[in-house]
Amino acid sequence: MAEPINALPPDPRWAQVAERLHLLSPADALWSDPGASGTDRAPGWLPGARLNLSATCLDAHLDERSDHVAIHWEGEPGDRRDLTYRELHKQVVTLARALTGMGVGPGDRVGLHLGWLPETVVAMLACARIGAVHSVISSTLPPGPLADRLALLDLKVIFTQDGAWRHGTVLPLKARLDDALSAVGSIEHTIVVRRTGMDVAWYEGDRWYHDVVAAKRSKDRTTDEVLLLDSDHPVASVPIARRGGQPVSVLHGTAPVLANAIAVHGRLRTGGPFWCAGDIAWAVTQFHAIYGPLAWGDASVMYEGTLDVPDHRRAWDIIRRYGVETLITSPSVMRTIRGWARDMPQTDDAPTLRRLATAGEPVEPELASWIVDSFGTDLEVLDAWGQLELGGVVRVTGTHGTTVEPDPGTVEMPDCGLEIVDRQGRVAGPGETGEVVLRRPWAGLMIGVDGSDEVSQDPWEHWSRHPGVYATGDLAMRAEDGTVVFLGRSDDVVSVSGQLVSLREVRDVLTDHPFVAEARVTVRKDVELGRALVAAVVLSPEAATALRSTDGERGADSELDAIAVELMDAVREALGGLARPRAILVVDRFGEELGRESLSRAIAALATEHRHSAPRSITWEQLVAAAGDG
């Protein structure tokens, strides 16, 4: 019988990563003593070191790359801006000076309720420069969830914009923020970026971004010095799926964030322009589209909106316009583009593109093959796996296409010691499902959690199952050829379009609705659409009575449609669009014959079968039969 899994020492390649951090004072060691904390957790990264994320990403490149482009930015309507390293550095220093003048200092919290703008990057780096902790808040959140997020973060300053372009329309960001602030109380300063020119309400404490920076361009230069921060000084608080009914954010430290970004970008980069086709609220975008390229002195392409404006060729246009060599995105985005491509006369290759990596959920072989066929036969397609708690991407493997030689001067990505174990902590055999664990310390590990005391302790349970080994909560199996196939989560948190969504939270929203007595929620896997949520509900007695009194079959179908839309919209309003179920089945009752996994399979099977038709009523017996057929 196999022995229980044990921890392995850190990969020595982390020393190469540390050399690129541009430490402002040296570390006592690469790793702290594993037993220093008196727990079984992994050793800390670079104890005793002092550094500044802004200095690593900007100041370190000014001598050699000050006139090189750091950011190619393109807005959804077609407007464009390029910022060199010198220009980006100047803007960051100016905004840092302004924030300091507002009383923002080390440890203070700053919210970024912004879309994908150059000002968003400037704000992130300015916060890091003065030791403030920033949190990017999704621009698509409705006022209710936005208020919950604001209540958690205890912000001193928040950035927003008048409106944000998305899918050819303008989202009223400041108006949504004003509604949310009315529910949670005021924040001392609201800094507003003028993006669309739309009219906005104005309140005490509101200030235009351009006025804030203009007032500090030539004053108070004594605040321009780079602040030396401890290696684990918090730099970012990143929202994760709600836990226990409470919004939760993962807290990341300065050196861990940079270490992960440098290691991953070293694997992905070719030396040419890098583009992350993802929303700025996505953790992969923050870590691997901003910190990674800037820490390496590369150019990063940033696009504001959706890729179907003005037409479905926008992705190819961006790649050609900026000569993009590396692209990272989610499989959901690539599936959407594949659907558009079927209606195009012909798609051209992207001749400059050399690497394309997908992250956030597994990529199926059929999609990887289509990517090669559509974007170029000389393309290397990579599959990235990781977790927000680990700083983003942790493991990058090739799936299809040509292998691209590493760029000279790069570092080899450290090994995380990934293994699959059974419940007893022994290595699972080929074809056996088990939990993914990491046997080697990973430098990008989170440093804490923002949330209630009860929730804040939960992430440290990753270390309680197997001493010295990090248990991810992800399920996987190893195929006969050694390939790791990721199967989803062991808890009720799932990844949808790269974002984590709690099935429990969706279920709670549904059962709180007056139409619903009971609800079950699961995830459906679809070759065309990727992962999406589906639900089955038992109607409340009042709703069921109203449905039975509806005249005729057509009237009942119409009423079912209305109920389903009402429930979907309720989830979207409470938790955001990614949590909105794609299909809702109405069930007469839930029995005891099926276990959780069997019931989930049955709901997903029936929702998949009828996803293109109107919502319909089914019986418990039909669910039991569907489970048996599966």
Side-chain angles (χ1 to χ4, degrees), residues 104 108-115 120 123 127 132-164 166 170-193 198 200-207 236-251 279-283 388 449-456 493 499-502 504-514 566-580:
V104 180
D108 286 335
R109 303 303 180 94
V110 176
L112 308 182
H113 180 237
L114 296 167
T120 311
C127 289
V133 184
H134 74 265
S135 184
V136 178
I137 305 168
S138 174
S139 61
T140 62
L141 283 180
L146 178 56
D148 291 342
R149 185 62 56 190
L150 297 178
L152 166 71
L153 294 173
D154 189 24
L155 302 175
K156 194 163 191 175
V157 174
I158 188 164
F159 289 75
T160 190
Q161 55 194 86
D162 52 358
R166 190 174 184 88
V170 175
L171 303 180
L173 260 61
K174 186 176 188 299
R176 289 181 179 179
L177 177 63
D178 290 339
D179 288 346
L181 289 176
S182 68
V184 298
S186 63
I187 294 174
E188 192 171 346
H189 299 286
T190 300
I191 301 176
V192 186
V193 176
M198 66 186 299
V200 293
W202 210 249
Y203 299 96
E204 184 178 356
D206 292 350
R207 303 177 67 181
S237 181
V238 186
I240 198 170
R242 294 164 66 100
R243 306 289 173 86
Q246 300 294 324
V248 181
S249 286
V250 171
L251 198 61
D279 190 87
I280 184 60
W282 190 25
L388 180 56
V449 175
D450 285 332
S452 67
D453 292 339
E454 178 181 353
V455 172
S456 297
V493 175
Q499 303 286 333
L500 295 180
V501 178
S502 169
R504 171 184 171 182
E505 300 300 330
V506 177
R507 184 193 66 208
D508 289 347
V509 171
L510 290 173
T511 54
D512 284 345
H513 196 282
E566 169 77 15
L567 297 179
M568 292 174 181
D569 289 346
V571 174
R572 184 190 62 212
E573 288 298 313
L575 302 176
L578 291 179
R580 182 181 187 269

Across all chains, not counting sequence neighbours, the salt bridge (charged side-chain N to carboxylate O under 4.0 Å, His left out) partners of Asp108 are Lys156
Sorted by chain and residue number, the salt bridge (charged side-chain N to carboxylate O under 4.0 Å, His left out) partners of Arg580 (sequence neighbours excluded) come out as Asp569
*Residues two or more places apart in sequence or in another chain: which of them pass ring-ring contact (aromatic ring centres under 6.0 Å, His included) with His513?*
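Applying ring-ring contact (aromatic ring centres under 6.0 Å, His included) to His513 gives Phe515.
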With sequence neighbours excluded, what pairs up with [X] under the side-chain hydrogen bond (donor to acceptor under 3.5 Å, both in side chains) test?
{"X": "Thr190", "answer": "none"}
{"X": "Arg109", "answer": "Asp450"}
{"X": "Asp154", "answer": "none"}

Just how far is it from atom [atom1] of [X] to atom [atom2] of [Y], taken to the nearest 0.5 Å?
{"X": "Leu171", "Y": "Leu141", "atom1": "CG", "atom2": "CG", "result": "11.0 Å"}
{"X": "Phe159", "Y": "Cys127", "atom1": "CZ", "atom2": "SG", "result": "6.0 Å"}
{"X": "Ser139", "Y": "Ile280", "atom1": "OG", "atom2": "CD1", "result": "10.0 Å"}
{"X": "Arg176", "Y": "Thr140", "atom1": "CZ", "atom2": "OG1", "result": "7.0 Å"}
{"X": "Asp206", "Y": "Ile187", "atom1": "CG", "atom2": "CD1", "result": "10.5 Å"}

Please answer whether the main-chain N or O of [Y] pairs with a side-chain N or O of [X] as donor and acceptor at a distance below 3.5 Å.
{"X": "Lys174", "Y": "Thr160", "result": "no"}
{"X": "Ser237", "Y": "Ser135", "result": "no"}
{"X": "Gln161", "Y": "Leu173", "result": "no"}

Can you tell if the side chain of [X] reaches within under 4.5 Å of the side chain of [Y], non-hydrogen atoms only?
{"X": "Ile137", "Y": "Leu150", "value": "yes"}
{"X": "Leu251", "Y": "Val133", "value": "yes"}
{"X": "Val110", "Y": "Leu112", "value": "yes"}

Nearest heavy atoms of [X] and [Y], plus distance in Å:
{"X": "His113", "Y": "Ser138", "value": "CD2-O, 3.8 Å"}
{"X": "Val509", "Y": "Ala570", "value": "CG1-O, 3.8 Å"}
{"X": "Pro239", "Y": "Arg149", "value": "CB-CZ, 3.5 Å"}
{"X": "Ser249", "Y": "Leu152", "value": "OG-CD2, 3.8 Å"}
{"X": "Thr120", "Y": "Gly115", "value": "OG1-O, 2.7 Å"}

